[in-house]
Structures are given as structure tokens and as C-alpha cells.
S.K.: 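Can you read through this structure? Questions will come right after.
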Amino acid sequence: MLTDDLNNMQKEAVLNINGPLLLLAGAGSGKTRVITYRIAYMVEQGINPFNILAITFTNKAAKEMKERVNKLLDDNGVWISTFHSMCVKILRQYINYIDYDNNFIIYDTDDSEKILKESIKELNLSDKMFPTKKVMSIISEKKDKLITPLEFEKEAFGDNIQSKMAEIYKLYQSKLKESNALDFDDIIFKTIELFKKNNDILEKYQSRFMYIMVDEYQDTNTSQYVLIKLLSQKNNNICVVGDDDQSIYAWRGANIMNILNFEKDFPGAKVIKLEQNYRSTQNILDVANSVIKNNITRKDKSLWTSNPVGEKIFYSKLKNDIEEGNFIVKKAQELKQKNYNYNDIAILYRQNSMSRILEEQLLKSNIPYRIVGGVKFYDRKEIKDVLAYLKVIFNPKDTISLKRIINVPKRGIGNTTVEKINNFTINNKINFFEALNNLDMIPDLGSKFNDLLEFRNLILYFRNFSEENTISELINEVLEKTNYLEELKQEYSEESFARIENIESFIDKAISFEELSEDKSLRKFLEDISLLSDIDNLNDTDDQITLMTMHSSKGLEYPIVFLPGLEEGIFPSYRSIVSPSKKELEEERRLCYVAITRAKEYLYITSTNSRMHNGKIIYNEKSRFLDEIPKELLFEIYKDNKKKLDNSGISQYSFTKKFNDSLDMNLDGKNYKDNYNLKPPTKVDIDFKVGDEVRQIKYGIGTVVQIDNAGADYEVTVDFKFNGRKKLMANLSKLKKHN
DNA sequence: CTCCTTTGTCTTTTT
DNA sequence: GACAAAGGAG
């Protein structure tokens, strides 16, 4: 029997397939299992898999769910995808019904911000009064609420600033359309518009999707809610799965009311709570519960487990962020000795910038690690450049990408020339590429005429080339004909080598796309990339420690979890503390709950006395979340295992804080010892001498001229091949011997 | 037009 | 501290 390995509540959730159902699934309560079993049960009941839709939030989650469903049902046609890829699929087929071109491209945040900036400039508005990011979030908010530029205009009537805002929105939207592009919000917005204006298309999908399931419902925004409501109207078999305690994307428009009001929105809804946790030890769960119960806005529930009590939660207060990194490294090594793999370990931090120091410590100790997020692969300059070429080749209307590459690599077409063409396009209401096709009509181009003509012909050549060749061949051709790769090679710096490597792995990705994808078109390739997130690429085959933000960790689990930086101002963040509304702090607390519940067996929490933050040293008190954890669940670890700081409020720590930090400058380490048993900074090792060749990340390769003592470090004078003579600190600037 | 210096910004980011 | 954008000199 299919339901044999389910508990009673899970069973009920699986068997209730008709009518609206709200499944409140706590962390680690086996919700993915319930969803997949539920799908299998439907099919068992004779429902055609073709009539089932399951929506997830990440491609990774979709992929995993597909795999698990495939294990239960072979050869099924269940539609499992993210909101965005589902909508893109629909729009590719029907967007011409609302007067768009079916070959649209998708603009990422970066592209969108650029055309927004242009719009603000074009309307002669000051970017002080209308900062791009701020305006962007307002437009995004409007789109989420399904408000068109015209509606916004009406709504804003009489209010000067709002009217201007509406004007910007209008221009931004028309620029998107001219570029034949959709931004992320449009993907949902336009699908709804399509459905509302074309009832027959809506009905087609309503009839197809007789059974709908939505995962991570607490993170849906208003437009996604409307979409779901539209699609489920006819058959009313809608099941949403979520956990209000894990709602951590309100700042991005996620509407927690979607889940809190589900029973009102879908009358007759049944509610099932999954409260048994199969993931974590009792202690970890107790800690999570003790924190989250301080939130006021939440549905009442309490997770329990029949798992063993487990170890206490380890807590350690360290002197600074470097010591914190050291501590984690040491514990990780200990755990590795105890037959754990590095794979079992995750370090979850509040903000990406915290990864740097951790990385340095791991690197120093030769512990393998991988970082999720941070500077994303597809956000790297060189990748964006190559991608911009591909985008223009596919869609010459893509003016943003066109402007990006028109002078990359440098071909003497600077801002002045671009502005001239720009004015021409505005005056003649044509797009940028059309202007390039009519160069002889543009005044004052002078000697740039030929450069522009050459550039246009290059793009046309690539367009032809792309019709006969594969994507990887096209990329190679672009790199070759533009001299892009050659220039990087000439630069001969560590940085340029890294860029070349990235480009090579981009080509690898293109090749594997050619091998794996059914649809091998450039269009599909570009689409896949724009809908991809970092977490989707997370592979866990190598034995490495995983580093990521707490946000990215949602939905994942690790036997061992480290949570560094549990400090006021870091976590909870400074902004959430000073915010007059309690909402932000509650979201931070939910984030804390998410982070804690990632751990299965061991949880290590650390805070520090001081850390480097935005370029200066800051001093933080330990996080209020730590105070919310009952003392008996915590096991405090001290550096020397002898001196115990007393646990009552004022620690010896804050007392000696000022004194010790003033010693930071003192290279004589003895003074630390009493309280922290820290080692004095040891003299750094250098493996080169005068006359050797060395490498430096920014300046490249050079010859050592002179080495001077400078405290724990050395001041090294280097003659760089391409950058002349520089004086550098060996350790600080990461000088390395070049072989 | 390009290169170099100064100035400003810096939560989180499933798509 | 790291990076991008803006401003200024050649």
C-alpha cells in the first residue's frame, strides 16, 4: 500500500485530493514526500498525470520533485515546474495575443535597472529624487499588484511625485517592449493579462490543470496568488503547502497573508498540520521552538520529534571574526576525524560579505569548500559580455545588451557617439539596431561611421553564423572575431586568467546544453540561463563544506550546521532592529528558525566581540535570539576550557572589551592570554626571495627587488611586467611565488 | 576617447 | 574592504 510508510496526518493529506487543502508543514515534516505520494495516489485513482500541476519555487526543487515522482510512477506527464518557467512556457505560445513577440527575451535585474536608469534620465528627473533601486522596487510592487502604468497614473493623479513615478513606469515599460523583453515581474503579470483578455486560453489551462499543488506557499506574492486563483477556479482542486514560520521573503513582495488567509480565500478549505519532524534531534527542535515562539503573528503549532535528544547546542563567543573562522575550522576538522564528511557540514551566515573571512580560514587550512551565491556566475562581467553578444545575435532589438557590447572590446565607439545615435533613435522612433542599419542618416558621425558600420556587419555576420552552427561554436566565433579572448590573454594578470577560466566553463555549459537539451535553440539556451539561480547548480558530490546565506539554505538539510555572527546588528540585522515596525524583526526571527532547523545532529552557534563590517571594526552584543534559547539547552565552549565567563547578563567580556581591543594594535600577544588564550600573530611565511618571480591578483607577474621586515608581514618591492614598480605587503596583498 | 582618481554604496535575492 | 559609478586630466 502506497500510504504504508506515512504517519496519520501525512496519510490524510495524501488521501484528500478533492477541494481546497491547506497543508501546514513544519520544517522537516516530510512535505516533499507527501506531495509526491499525493501525486502518485491521484494517478492510482485514475487521474491522468497530464491533468496534474505542481509548482515549486526553485528549479532545483522542481528537478528533485520530478525525480521522486518518477520513482513512484514511470512515464508520467505531470507538469512540475516553477511559477516562472511555467509562465514562460505559456507565454512563448500565446503572448502574441496580447501584442508581444513570441521570441521575447528575459531581462535580469541588472538589465532592467539599466533601462530604468535610462528612463529616469530621459525624463530629465534627478536620480537623487528618484534613485533607481527605489523606483525599481515601486514598479515591482505595482506589477505585483497587477497595476498597469495607466492605472498607476490615474491613481497618482494630483500627487506630483507619484505622477512622475507613473511616468517613469510607463516609459520603462515601453522600453521593455521595444527591446522585446520581459522583466521577471512581467512573466507573471503578462500571463495573467493574457488569461484575463483571452478567456478561451484560460479555460484551456483550467481544464488541463484539474489538480494543482503549490509548494512554499508562504513565499508567494500577490500576483502569483491571483494566477493560482485563476487557474484553480474551475475545478477547485487546489492544495497549497507551506509554513508561515518559514516565510522569509516578505521584503521581496512575498505576502504572508496568502497563507494566513487561505481558508477565507478558498471557502470550504480543509487544513491539515504536519507537526512531526523527522529531521532534527529533540534539542535542535527545542531550540528552534523556543526562538520562534517569540513571534506574535503566526499560526499556532508545535513541532515534535521522536528522534533522540541529541547533543546540546554548542555556543562559543569569540574575540573577533578571524577567531570565529578559526573556531569553525577546528571544529570541522574534529568532526572530520569523527567520521563525518565535509559534505555533512554547512556554514550559514546572514550576509554574503561574511563568507570572505571564513573562506580565508578554510583556504589556509586546506579544507575544501563551495560557496553558493555571492557574485553569481552569470553576473560576472566576462560572462555578461559574452551573453550580451548572444542576446543581440538572437534579438537585435535588445538595446541594453547592444549598448553593453558596442565598445567591448574597445573599438573606439565611446559615449559621445552612442549618445548621438541615441538621440537619433528617439527623434525617429526607431530602435538602436535599426539606427545602425541607417547610419548615413545620422548626422555628425565623422570618422566613427566606419567603426559603426564594421560593428553592425560583425553582428550580422554572427547572426548568419548562428543559423548554421551550434551555440558553443558561436561563442568561440564571437570570442575569436572580437578579439575578446586575445585581449584577456594579453592582460596577463591573475584576474584575467580567472576570467578566461570562467569563459571556458561557460563554453562547457553550452556544450552540455547541446548534449542534454531537447530544444537546442539559442532561444532556449538564453531562457534557461535567465531562469537559473545559484542554488540550482548546487552539486553535492564532492566532499566539501557548503557556505551560503541562511536565505539560500531554505529547503536543505545538513547533519552539522554552523551559524556564525549571532550578534545584534548582524543577526538580527541593524535595519530590522531600528525599524519602527515589528514585522522586520519577526522576519529575522523566522530566518533564525529556518537556519536552526537545517541542522540534523549538531548545531554550533558563535558570536564575536568585534568584527570587520563595511570596512570598519564594529562591536556587537550577542544576539537577542541567543537570549531566547533556554540556558540548559546550550553548551558553552571557551577557548581555554578553564576560564568560564559567567552566564548572567553582564559578562566579564563586555567589562574587558575596551581594554582588550586597545591591545589589538599590540603585536605582543601575551596580553591576550589571560582571557582568551590567543596566539600572538605569527610571522607570515614567504616562499620567495629577491630575484624570484611572484604573482599578484591585481598587478600580475613581476620580479622581487627588495624585501623588508614590517611587523608580522614583509614589505616587498616588486617590478611588475605590466604595472611597473610597486611596494606591497606580502601577506595582505597575497603575493605568491610564480612557477 | 581613455585612463586614473575620487566618491558613494554596501541585507537577504527561490525567478 | 570591495566595487561600481562619476568626474577630471591628458
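Labels below follow one simple rule: chain letters A, B, ... track the order of the sequence lines, proteins then strands, and each chain is numbered from 1.
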S.K.: In terms of ring plane angle, is the pair A:F195 and A:Y205 parallel, tilted or perpendicular, where the classes change at 30° and 60°?
M.R.: tilted

S.K.: Using a 4.0 Å heavy-atom cut-off, does A:S576 contact any base of the nucleic acid, only the sugar-phosphate backbone, or nothing at all?
M.R.: nothing

S.K.: Quick one: which of B:dT13, B:dT2, B:dT11 gets closest to the side chain of A:N407?
M.R.: B:dT2

S.K.: For B:dT11, does OP1 or OP2 lie under 4.0 Å from any side-chain N or O of A:S353?
M.R.: no

S.K.: Starting the side chain at C-beta, find the nucleotide from B:dT14, B:dT13, B:dT11 nearest to A:E584.
M.R.: B:dT11

S.K.: Assess whether salt bridge (charged side-chain N to carboxylate O under 4.0 Å, His left out) is satisfied between A:R350 and A:E567, documenting all intermediate values.
M.R.: CA-CA 10 Å; A:R350 179 62 241 264; A:E567 293 149 33; over 6 Å; no

S.K.: Given B:dT2, B:dT12, B:dT14, identify the nucleotide with an atom nearest to the side chain of A:K410.
M.R.: B:dT2

S.K.: Of the options B:dT13, B:dT11, B:dT2, whose atoms approach the side-chain atoms of A:Y249 most closely?
M.R.: B:dT13

S.K.: Select base, sugar-phosphate, or nothing to describe what A:D185 touches, counting heavy atoms under 4.0 Å on all strands.
M.R.: nothing

S.K.: Could you state the atom-to-atom distance from CZ of A:F83 to C1' of B:dT13 in whole Å?
M.R.: 17 Å

S.K.: Name the pairing partner of B:dT12, where a pair is Watson-Crick or G-U wobble with both distances under 3.5 Å, or state none.
M.R.: none

S.K.: In whole angstrom, what separates A:H613's NE2 from C:dA2's P?
M.R.: 15 Å

S.K.: For A:T56, which contact category applies under a 4.0 Å heavy-atom criterion: base, sugar-phosphate, or nothing?
M.R.: nothing

S.K.: Roughly, in whole Å, what's the span from NZ in A:K554 to C1' in B:dT14?
M.R.: 7 Å

S.K.: Determine, answering yes or no, if A:W251 is stacked on B:dT12 under the 5.5 Å centre rule and the 30° plane rule.
M.R.: yes

S.K.: To the nearest 0.5 Å, how far apart are OG1 in A:T220 and CD1 in A:I259?
M.R.: 7.5 Å

S.K.: Charged N to carboxylate O below 4.0 Å: is that the case for A:R611 and A:E324?
M.R.: yes

S.K.: A:N415 near the nucleic acid: base, sugar-phosphate alone, or nothing, with a heavy-atom cut-off under 4.0 Å?
M.R.: sugar-phosphate

S.K.: Could you point out which residue of A:L526, A:L402, A:I405, A:I106 forms a side chain to side chain contact (heavy atoms under 4.5 Å, CB included) with A:K391?
M.R.: A:L526

S.K.: Any idea if B:dT11 is syn or anti, going by the 90°-from-0 cut?
M.R.: syn

S.K.: Consider the side chain of A:R350, meaning its heavy atoms from C-beta on, and name the nucleotide among B:dT13, B:dT11, B:dC1 that approaches it most closely.
M.R.: B:dT11

S.K.: Could you tell me how far apart A:Y349 (OH) and B:dT11 (C1') are, to the nearest whole angstrom?
M.R.: 13 Å

S.K.: Between C:dA5 atom C1' and A:K403 atom NZ, what is the distance in whole Å?
M.R.: 17 Å

S.K.: In terms of ring plane angle, is the pair A:F57 and A:F83 parallel, tilted or perpendicular, where the classes change at 30° and 60°?
M.R.: perpendicular

S.K.: Less than 4.0 Å between a side-chain N and a carboxylate O, is that true for A:R590 and A:E587?
M.R.: yes

S.K.: Quick one: which of B:dT13, C:dG1, B:dT2 gets closest to the side chain of A:M612?
M.R.: C:dG1

S.K.: Closest nucleotide of DNA chain B for A:S530 versus for A:G414: which of these residues is on the 5' side?
M.R.: A:G414

S.K.: Looking for any heavy atom pair under 4.0 Å, which part of the strands does A:I413 touch: base, sugar-phosphate only, or nothing?
M.R.: sugar-phosphate

S.K.: What contact category does A:Q218 fall into here, base, sugar-phosphate, or nothing, at under 4.0 angstrom with non-hydrogen atoms?
M.R.: nothing

S.K.: Assign each of A:I187 and A:H551 to its nearest nucleotide of DNA chain B by heavy atoms, then name whichever residue's nucleotide is nearer the 5' end.
M.R.: A:H551

S.K.: Rounded to the Å, how far apart are A:K448 NZ and B:dT2 P?
M.R.: 7 Å

S.K.: Could you work out which one of B:dT14, B:dC1, B:dT11 sits closest to the side chain of A:S573?
M.R.: B:dT11

S.K.: Does A:K117 reach a base, just sugar-phosphate, or nothing at all? Heavy atoms under 4.0 Å.
M.R.: sugar-phosphate

S.K.: For A:K133 and C:dA4, give me the distance from atom NZ to atom P, rounded to whole Å.
M.R.: 11 Å

S.K.: Give a yes/no answer on whether the side chain of A:T549 brings an N or O atom under 4.0 Å of OP1 or OP2 in B:dT11.
M.R.: no

S.K.: Whether A:N221 contacts B:dT14 is assessed here as follows: a side-chain N or O lying under 4.0 Å from the phosphate OP1 or OP2. Is that the case?
M.R.: no

S.K.: Would you mind reading off the distance between A:N352 atom CG and C:dG1 atom P, rounded to a whole angstrom?
M.R.: 19 Å

